Number of protein chains: 2
Amino acid sequence: MSLRYGILGLLSEWDASGYDIKKEFDDLMGVFWHSHLSQIYPELNKLEKEKFITSQSIPQEGKPDKKIYSITSKGKEVLIHWLLTPPEPPKIKDPFLMQAFFMDHIPADEVILKLKMYKKGREQRLEKIKHAVEERFMSIKERNVMKARIIISAAVLKRGIQQEVQYINWCEETIQLVESCKFLWDKNKQTEFQYTDVSDQLSAYFFNALDI
Amino acid sequence: MSLRYGILGLLSEWDASGYDIKKEFDDLMGVFWHSHLSQIYPELNKLEKEKFITSQSIPQEGKPDKKIYSITSKGKEVLIHWLLTPPEPPKIKDPFLMQAFFMDHIPADEVILKLKMYKKGREQRLEKIKHAVEERFMSIKERNVMKARIIISAAVLKRGIQQEVQYINWCEETIQLVESCKFLWDKNKQTEFQYTDVSDQLSAYFFNALDI
DNA sequence: GCTCCCATGTAATACGTTACATGATTGC
DNA sequence: GCAATCATGTAACGTATTACATGGGAGC
């Protein structure tokens, strides 16, 4: 139920087409939401029927008309109303962590490989976000203006970057942990290890993170 | 498509009923997945039809029969196959960050209030997770055994705790940022502020997080 | 020649959530 | 008395993803 408000929020800043909106979702807004064109187009039609947005068609050569949407005052009202209501609780779904949780079933080297590959993916994502954020702030610095909009969006983008950085750090730490505990995966002597056999590695790993 | 593997993974550790599985999802596995009973029960039936799990009904008084599921060797095979395939990319949806991104539309005091309320929710969640993790590790320490299973699940749970801690920190920092930049939300003199008017606050906020 | 970008959308399917249905037991 | 826990499930609805449909222009 939040997609529509993401669209309204975006249109509260600038007029845009469905295609433009999708690019924003892939780009900066990607740190907190994602969506497909086949979901955005129907949602835009609904929002227009409900009079929260209006559109004007701009004819183009060789392409379908470009439909530029603008937010209405009614649309701004519902946006602000939504901003003041408590957010839906986050619905955590992290397929990689789910796999990781059960990786005692695959060899330690495979575990390390998977962690390294996943880390790489996260690093690429981080670079992409950093690049987008830098571009945004360059143009803001040039225009030499400052608004609440800029501060609050910067805060959200910082959170996105932080998340990536910390996921990458976790991958690194966990690679080291698994490397130092490889023997536990060894099928031949898997039977009886004691807690104290790895308590040093465990406490190093958890140091400064938990207090168990 | 990952729910089924979460169920299989869980059943690779111990036999369980749908109700038990739901509790695990709410509890420890909650750091990376969540699901409803009305989704778990049909999935269990599907998995049984596909011969990945088997069940035995245990009659009870005053309650419906308890159906205890066990994983089959075929089920273990598909679990391991899944563990070796690349995970689906995470589908980020964070309704609170989406709201935050557009909070220049509501008064600064409301923004601070929302951040404080959200922070509180995260703190409660953190306490719940910490509690569950501590319980788990107590019983492991008592039994004085160590397996790959324990190490790898600990790593995932650490990630869950980290995430909460860092979200809470971000809330705090952002509350301070908004407090020190309140004047930007002031509707009367919203017109013309310069980048340099807040560059100190911004660089303090971004210090050690970004290098822009 | 092939892929990517632009630009719109529909249809079919898959996945997820809320509401409905039943009912005994335990604790506040 | 009321809510929570145990225990199973179905039905209706909502959201999200993939596949299908069209087609010109740019760059390799």
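Here the structure is a predicted model, which means the values were calculated and not measured.
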Could you pull out the protein-nucleic contacts involving nucleotides 12-14 of chain C (nitrogen or oxygen on both sides, under 3.5 Å)?
none

I want to check one thing: is the phosphate of [N], taken as OP1 and OP2, less than 4.0 Å away from some side-chain N or O of [X]?
{"X": "B:Gln60", "N": "D:dA7", "answer": "yes"}
{"X": "A:Lys22", "N": "C:dT8", "answer": "no"}
{"X": "B:Lys93", "N": "D:dA16", "answer": "yes"}
{"X": "B:Lys67", "N": "D:dG9", "answer": "yes"}
{"X": "A:His34", "N": "D:dA16", "answer": "no"}

Distance in angstrom units between [X] [atom1] and [N] [atom2], rounded:
{"X": "A:Gln39", "N": "C:dT10", "atom1": "CD", "atom2": "C1'", "value": "14 Å"}
{"X": "A:Lys46", "N": "D:dC13", "atom1": "NZ", "atom2": "C1'", "value": "12 Å"}
{"X": "B:Tyr41", "N": "C:dG16", "atom1": "OH", "atom2": "C1'", "value": "17 Å"}
{"X": "B:Ile7", "N": "C:dC15", "atom1": "CD1", "atom2": "C1'", "value": "13 Å"}
{"X": "B:Asp26", "N": "D:dC6", "atom1": "CG", "atom2": "C1'", "value": "14 Å"}
{"X": "A:Leu37", "N": "C:dC6", "atom1": "CG", "atom2": "C1'", "value": "11 Å"}
{"X": "A:Ile92", "N": "C:dG16", "atom1": "CD1", "atom2": "P", "value": "15 Å"}
{"X": "B:Asp65", "N": "C:dT22", "atom1": "CG", "atom2": "P", "value": "19 Å"}

Looking at the side chain of [X], which of [options] is the nearest nucleotide?
{"X": "B:His36", "options": "C:dT18, D:dT8, D:dT17", "answer": "C:dT18"}
{"X": "B:Tyr19", "options": "C:dG16, C:dG9, D:dT8", "answer": "D:dT8"}
{"X": "A:Trp33", "options": "C:dA7, C:dT8, D:dA16", "answer": "D:dA16"}

Salt-bridge contact [X]-[Y] (side-chain N to carboxylate O under 4.0 Å):
{"X": "A:Lys130", "Y": "A:Glu134", "result": "no"}
{"X": "A:Glu123", "Y": "A:Lys119", "result": "yes"}
{"X": "A:Arg4", "Y": "A:Glu50", "result": "yes"}
{"X": "A:Glu173", "Y": "B:Lys158", "result": "yes"}

- Query: Judged by atom type as modelled, is there a donor-acceptor pair below 3.5 Å linking the side chain of B:Thr72 to the main-chain atoms of B:Lys51?
  - Reply: yes
- Query: Touch check for B:Leu3, heavy atoms < 4.0 angstrom, all strands: base, sugar-phosphate only, or nothing?
  - Reply: nothing
- Task: Would you classify B:Asn45 as touching base, sugar-phosphate or nothing, given that sugar-phosphate means primed atoms plus P, OP1 and OP2, and contacts are heavy atoms under 4.0 Å?
- Result: nothing
- Note on the structure: When rounded to the nearest 0.5 Å, the distance separating OG of B:Ser12 from CD1 of B:Ile71 is 5.5 Å
- Message: Between the base of D:dT18 and the side chain of A:Ser38, is one N or O donor paired with an acceptor at under 3.5 angstrom?
- Response: yes
- Is the closest side-chain heavy-atom distance between A:Thr85 and B:Gln99 below 4.5 Å? yes
- Query: Tell me, do B:Cys171 and B:Tyr118 make a side-chain contact under 4.5 Å, heavy atoms counted?
  - Reply: yes
